[in-house]
Amino acid sequence: MHPLNRRSVLLAGLGAAGAGLLAACSDAPRAAGPTLLSPSAPAVAEAEKKRRRTGGKERRVRLTATAGTVDLGADKTVRTWSFDGQLPGKEIRLTAGDTLVADLANHLPTSTSVHWHGLALRNDMDGVPPVTQRAVAPGGSFTYRFITDTPGTYWFHPHVGVQLDRGLYGPLIVEDPHEPLRYDDEWVVVLDDWLDGVTGTPDQALATLRRGMGGSPSHGDQGHGGGDDKGAHGGMEGMPGMDMGGDMDMGDKGSGGGGMSMDDPFMLMGATSKLLGGDAGDVKYPHYLVNGRVPAAPATYRGKPGRKLRLRIINAGGDTAFRVALGGHRLTVTHTDGYPIAHQPADALLLGPGERYDALVTLEDGVFPLVAVAEGKGAAGLALVRTGSGDVPSADVRPKELNGRIPTATSLRAADDVRLASRTPDITHRIDLTGSMARYDWALNGRPFDMNHADAHPYAVESGQRVRLQFRNTTDMWHPMHVHGHTYQLGASGPRKDTVIVLPGATVNCDFDADNPGRWLLHCHNAYHGESGMMGLVGYRG
């Protein structure tokens with residue numbers, strides 16, 4: 001990366017620019033695209049009627065998006081936005097076939113929404129303004145109602161600007177009424193990178209990043225990703241599907257070296273990772289959290305030795321991949337992104353933003369660190385597992401398992417009952433991931449996304465087709481690519497996923513069956529890349 005020589009620009013009013021400039025930059029004539037189904041089309045309601053709901057119940061929850069303070073532990077209290085003042089938000093748990101009725105009340109000073117990450121739900125409940133709904137205005141409310149027919153580990157967060165990099169998120173667990181796994185206890189582990197209320201806000205971080213390393217605004221300043229009102233992996237061809245061990249590459253220890261001036265509180269320079277193919281991330285975070293707590297005051301799971309624990313691990317971060325291990329234990333990986341796989345042993349796991357992994361572990365006797373290293377950034381989050389007596393590990397503990405076996409997505413295989421039937425794709429959309437840190441001009445096929453005209457250049461599909469999304473990363477950074485409303489399969493027999501890390505120079509083939517009509521976002525789940533333009537739309541033809 002080139003040295004940075006510029007002032008830090010903090011644009012608190014970015015949202016107004018995001019709204020106004022979006023309209024201004026979209027006045028140019030556009031070629032007419034295909035006619036797409038709307039989120040309220042009859043086909044959307046018909047697809048919902050076909051979802052499994054035998055014996056299902058209605059589960060009603062209330063989510064209040066509010067501004068206030070949250071306690072990160074160790075006398076670190078920050079002002080942020082959250083659901084009901086909790087970090088993470090209160091877990092939502094239901095059973096496959098249940099209907100979720102979620103009443104969102106917006107007490108924020110800006111518009112918001114809720115996206116239900118990973119679920120194949122009805123299109124008009126996907127929570128993406130203005131594509132699938134109107135944004136919920138300050139003081140307003142909206143009720144989400146949909147059937148949850150697929151068991152798994154999911155989560156929820158806003159889909160307005162970079163709001164997800166505040167405290168507006170929580171786990172969503174859909175239990176299998178015929179659960180085939182055998183275990184005694186369960187622990188949901190939510191990972192996050194944190195800056196809000198410490199060095200500034202995510203909107204200020206985005207404003208800084210959008211100026212690029214050359215110091216001049218990129219196209220991102222036009223709000224192509226759809227800013228909020230106040231401011232704006234696996235499956236790699238040519239990569240080894242085997243152990244990813246070796247010494248940990250901690251980059252520059254997060255020092256912010258490489259010529260960055262001291263008045264840049266957000267830009268991270270020189271962070272590198274072999275596992276991520278080079279550059280590890282863009283954003284400098286002062287804290288890394290596990291279940292909302294800093295390492296000096298870790299969350300603690302209390303169990304009994306000899307019992308089998310199911311871990312449900314969720315990466316809710318905005319810019320960080322986490323390498324996760326439980327000291328003194330080996331994991332058995334059972335699911336990725338909610339879907340079962342052929343079980344695989346692992347010492348540690350690598351999760352990009354938006355990814356989830358489930359694993360089983362038989363607990364030993366004592367006190368053990370669960371460490372989530374911010375890959376390449378020189379810091380980590382920490383939680384504890386206590387099954388007996390023992391000393392509490394230090395906050396900077398790094399168990400040897402972090403350097404052990406880390407399976408790639410290509411080394412995983414879908415469980416037989418969720419593997420897609422063998423079929424030649426009816427349509428292939430070739431999608432180049434483009435852009436650079438120099439201009440911060442992230443895009444798909446060189447075209448930055450305009451949320452207000454999402455259907456201008458859609459990746460069109462038809463119901464019943466086998467669709468291939470072929471991601472080709474032409475950039476020097478890794479990108480966690482996420483598709484809404486569907487779960488794709490990596491290759492002929494790889495895992496079913498909705499978010500996959502695409503390494504620099506890699507090509508990833510992701511196949512899915514077009515069985516959920518509507519308009520669905522496709523984007524990099526690095527919040528800052530997506531909001532700067534690395535988004536697109538998968539649209540069903542009308």
Side-chain angles (χ1 to χ4, degrees), residues 70 72-73 76 80 82 86-89 91 117-118 153-157 164-173 186-196 202 233 248 254 271 273 275-276 280-281 283 285-301 309-327 331 333 335-338 346 348-359 361 368-385 395 397-399 401-402 406 478 480 482 498-499 501 525-527:
V70 298
L72 306 181
K76 299 184 188 307
T80 187
S82 66
Q86 295 184 230
L87 186 68
E91 174 186 298
H117 183 113
T153 301
Y154 307 101
W155 63 300
F156 56 93
H157 60 80
L164 75 83
D165 213 21
R166 295 183 187 250
L168 293 162
Y169 60 82
L172 172 62
I173 308 301
E186 187 174 310
W187 188 26
V188 178
V189 177
V190 183
L191 314 174
D192 194 18
D193 41 20
W194 192 270
L195 62 81
D196 196 35
H233 248 347
M248 295 181 61
S273 163
L275 294 185
L276 297 175
V283 182
Y285 289 95
H287 302 304
Y288 296 96
L289 311 179
V290 180
N291 287 347
R293 307 290 286 180
V294 296
T300 300
Y301 173 82
L309 178 67
R310 179 177 186 168
L311 297 171
R312 296 181 184 262
I313 307 173
I314 302 168
N315 184 352
D319 175 77
T320 303
F322 286 99
R323 191 194 307 205
V324 184
L326 177 59
L331 309 175
V333 188
H335 294 71
T336 179
D337 292 357
L349 296 168
L350 182 70
L351 292 86
E355 285 191 291
R356 293 90 64 211
Y357 276 91
D358 292 18
V361 58
F368 305 96
L370 184 139
V371 177
V373 167
E375 182 64 27
K377 295 184 176 183
L382 173 69
L384 300 179
V385 171
V397 63
R398 299 292 184 267
E401 286 81 6
L402 288 165
I406 307 176
W478 59 285
H482 172 56
D498 56 69
T499 310
I501 293 174
H525 217 277
N526 180 308

**Derivation and outcome, side-chain contact (heavy atoms from CB on, under 4.5 Å), residues L72 and L87** = CA-CA 8 Å; L72 306 181; L87 186 68; 3.5 Å; yes
**Asked** Heavy atoms, side chains only, cut-off 4.5 Å: are L402 and V371 in contact?
**Response** yes
**Request:** Specify the closest pair of heavy atoms between V294 and G73, including all atoms of both residues, with the distance to one decimal.
**Result:** CG2-O, 3.7 Å
**Fill in**
For A359 and L331, the nearest pair of non-hydrogen atoms, with its separation, is CB-CB, 4.1 Å
**Closest non-hydrogen atom pair between W478 and G352, with its separation** = CZ3-CA, 4.2 Å
**Asked** Are the charged groups of R166 and D192 less than 4.0 angstrom apart, N to O?
**Response** no
**Request:** Report yes if the side chains of L384 and L370 come closer than 4.5 Å at any heavy-atom pair, otherwise no.
**Result:** no
**Request:** Could you go through the side-chain contact (heavy atoms from CB on, under 4.5 Å) check for V70 and S82 one step at a time?
**Result:** CA-CA 8 Å; V70 298; S82 66; 4.1 Å; yes
**Reported OH-to-CD1 distance for the pair Y169 and I314, which is rounded to 0.5 angstrom** = 10.0 Å
**Prompt:** Does any donor atom in the side chain of T499 or E355 lie under 3.5 Å from an acceptor atom in the other side chain?
**Reply:** no
**Test item: R323 and L349 side chains (from C-beta on) under 4.5 Å apart, heavy atoms** = no
**Prompt:** Can the ring centroids of Y285 and W194 be said to lie less than 6.0 angstrom from one another?
**Reply:** no
**Asked** Should the pair F322 and Y288 be assigned to parallel (<30°), tilted (30 to 60°) or perpendicular (>60°) ring geometry?
**Response** perpendicular
**Asked** Of all heavy-atom pairs between S273 and E375, which one has the smallest distance, and what is that distance?
**Response** OG-OE2, 2.6 Å
**Asked** Are the side chains of H525 and P353 in touch, meaning some heavy atoms are under 4.5 Å apart?
**Response** yes
**Request:** Decide yes or no for L289 and N291: does some side-chain heavy atom of the first lie under 4.5 Å from some side-chain heavy atom of the second?
**Result:** no
**Request:** For a side chain to side chain contact (heavy atoms under 4.5 Å, CB included) with D165, tell me which candidate from N526, D319, D193 qualifies.
**Result:** D193
**H117 and H157 aromatic ring geometry - parallel, tilted or perpendicular at 30°/60° bounds** = tilted
**Asked** Ignoring hydrogens and geometry, is there a side-chain-to-backbone donor-acceptor pair from W187 to R312 under 3.5 Å?
**Response** no
**Message:** I need the T80 OG1 to D196 CG distance, nearest 0.5 Å.
**Reply:** 3.5 Å
**Message:** For V290 versus A372, what's the shortest heavy-atom pair and its separation?
**Reply:** CG2-CB, 4.3 Å
**Asked** Pick one: which of D358, V361, V188 meets side chain to side chain contact (heavy atoms under 4.5 Å, CB included) with R310?
**Response** D358
**Asked** How about L309 and L311: do any of their side-chain heavy atoms sit closer than 4.5 Å?
**Response** yes
**Step-by-step side-chain contact (heavy atoms from CB on, under 4.5 Å) determination, V189 to Y301** = CA-CA 10 Å; V189 177; Y301 173 82; over 6 Å; no
**Message:** Between E401 and L326, does the side-chain contact (heavy atoms from CB on, under 4.5 Å) criterion hold? Intermediate values first, please.
**Reply:** CA-CA 7 Å; E401 286 81 6; L326 177 59; over 6 Å; no
**Prompt:** Side-chain contact, heavy-atom cut-off 4.5 Å: L350 with L276?
**Reply:** yes
**Request:** Taking all heavy atoms of P298 and all of P295, pick out the closest pair and write down the distance.
**Result:** CD-O, 3.2 Å
**Asked** Any side-chain donor paired with an acceptor under 3.5 Å for T153 and R356?
**Response** no
**Message:** Quick check: do L351 and Y357 have side-chain heavy atoms less than 4.5 Å from each other?
**Reply:** yes
